[in-house]
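Per chain, numbering begins at 1; letters A, B, ... match sequence-line order.
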There are 2 protein chains.
Amino acid sequence: MASTIHLDRTDFAILEKLQDNALLSNKQVAAEVNLSPSACHERVKRLKEGGILQGSHAVVDPKAYGVSFEAMFLIQLDRHEALLVEEFLQEVIALREVKSVALISGAYDIVAHLRVRDIDHLKSLAFEKFTKRPYITKIESSIVYDFKENRVQKPL
Amino acid sequence: MASTIHLDRTDFAILEKLQDNALLSNKQVAAEVNLSPSACHERVKRLKEGGILQGSHAVVDPKAYGVSFEAMFLIQLDRHEALLVEEFLQEVIALREVKSVALISGAYDIVAHLRVRDIDHLKSLAFEKFTKRPYITKIESSIVYDFKENRVQKPL
DNA sequence: TATTTTTCCCGAATATACTCCGGCGCATAT
DNA sequence: ATATGCGCCGGAGTATATTCGGGAAAAATA
């Protein structure tokens, strides 16, 4: 079972390297954590099979897709039927402009992170894909001036 | 220059595969986009050199780091001196609990996405690392019930 | 303490993939 | 019609991934 796997210092070192750069060759990772390639390979294999290493993704310049800036919508819903909310989240994440969507507690219910071409695009997105919906009470639309992300986790 | 590179359908197909799974071998990608390995390799090389393919990162189960849930802080600042804000963002993103931080326009100024061990951890994080700061007017603290992310971009 | 068991490492061997290069075909321009 | 450039292919050599067996060290057992 996944949760029963015990991770030692070396495992964390491997995870750190691969979170930083998933394209490192097994040989390179092995060298950086002072292991032979075969030993390192076995660990990585175990981490994958144990569900610790869940995948890896290339990062592509959004400009290549015509994105010029990002925005966020802070959304309030008038009622919270679980089914309705789940359906909404599904529809939202299916939009190509949506980078992420979070369902949260508090004054706002949903935070959507968007990638858009220009202001007109943002406008039409807001009005045609969001505002229209009857169960949305309020949308606070924000431009993202700066966004920083930690792709490498560290022990808490 | 990077922005002058022209991407065709095949390039986008390659980008899509690698965003979905950065560990695909060049051979596999080539097969999926109906190209010989050498031709595919040349394209990937060009995409990297052109700054389109910016890197790739492994995704690790947060539970491995003792994370049990996520939270968000919606933060208001009382003044917006650029230098102060930038410094704050730097300090925030440097925290191991912070997954991402966004500086936005509108009623709130900053959205921080956090990974925490438990409620006590969230509490201490809020009070010791955020609330303390004099220039923070208000923090709206939210639990993240659900979070969905699109790791594969599609043309707008 | 002696013995068993487990865990984890290494090195070698094989299979597979990367990488570069020469040449060909097609589309476009002259 | 001919020339030019661009992108593709296939092959050869090299490097890497992956598997396997065996051995050392630690942990558990008696």
Side-chain angles (χ1 to χ4, degrees), chain A residues 1-61 63-66 151-155, chain B residues 1-61 63-66 151-155:
Chain A
M1 193 172 299
S3 56
T4 62
I5 289 188
H6 177 256
L7 303 182
D8 64 14
R9 183 196 350 258
T10 305
D11 289 316
F12 281 111
I14 292 174
L15 292 177
E16 187 176 324
K17 299 293 176 194
L18 292 181
Q19 284 178 91
D20 183 56
N21 180 5
L23 295 186
L24 284 174
S25 70
N26 178 62
K27 192 185 174 191
Q28 287 173 298
V29 176
E32 297 217 46
V33 302
N34 300 315
L35 234 50
S36 72
S38 55
C40 183
H41 182 262
E42 279 167 18
R43 279 176 180 264
V44 170
K45 193 177 165 191
R46 240 187 325 126
L47 291 169
K48 283 181 186 167
E49 288 169 353
I52 309 296
L53 269 171
Q54 302 185 323
S56 55
H57 306 274
V59 175
V60 174
D61 183 358
K63 288 194 191 71
Y65 289 92
R151 292 217 170 78
V152 181
Q153 293 186 72
K154 288 166 195 162
Chain B
M1 191 168 305
S3 56
T4 60
I5 289 189
H6 177 256
L7 303 182
D8 63 15
R9 182 195 351 256
T10 305
D11 289 316
F12 281 113
I14 292 173
L15 293 176
E16 187 176 325
K17 299 294 175 193
L18 293 180
Q19 283 178 94
D20 183 57
N21 180 4
L23 295 186
L24 285 173
S25 69
N26 177 62
K27 192 184 173 189
Q28 288 172 298
V29 177
E32 297 217 45
V33 302
N34 301 315
L35 232 52
S36 72
S38 55
C40 185
H41 181 261
E42 279 168 17
R43 279 175 180 263
V44 170
K45 192 177 166 193
R46 243 184 321 128
L47 290 169
K48 283 182 186 166
E49 288 169 351
I52 309 296
L53 269 171
Q54 301 186 324
S56 55
H57 306 273
V59 175
V60 175
D61 184 357
K63 289 193 191 70
Y65 288 93
R151 292 216 169 77
V152 180
Q153 294 186 73
K154 288 165 196 162

Open item on the list: Between C1' on C:dT7 and CD1 on A:Ile5, what's the gap in Å once rounded to a whole number?
Closed with: 14 Å
Task: Side-chain donor or acceptor of A:Gln153 paired with backbone N/O of B:Val60 under 3.5 Å - done: yes
Task: Protein-to-nucleotide contact annotation, 5' to 3' order, nucleotides 5-24 of chain D [B base; S sugar-phosphate only; - none; under 4.0 Å, heavy atom] - done: --SBBB-----SSSBB----
Open item on the list: As a test of understanding, state which of A:Leu35, A:Asn34, A:Leu15 forms a side chain to side chain contact (heavy atoms under 4.5 Å, CB included) with A:Thr10.
Closed with: A:Leu35
Going by heavy atoms in the side chains, are [X] and [Y] under 4.5 Å from each other?
| X | Y | value |
| --- | --- | --- |
| B:Leu7 | B:Leu47 | yes |
| B:Leu23 | A:Lys48 | yes |
| A:Ile14 | A:Cys40 | yes |

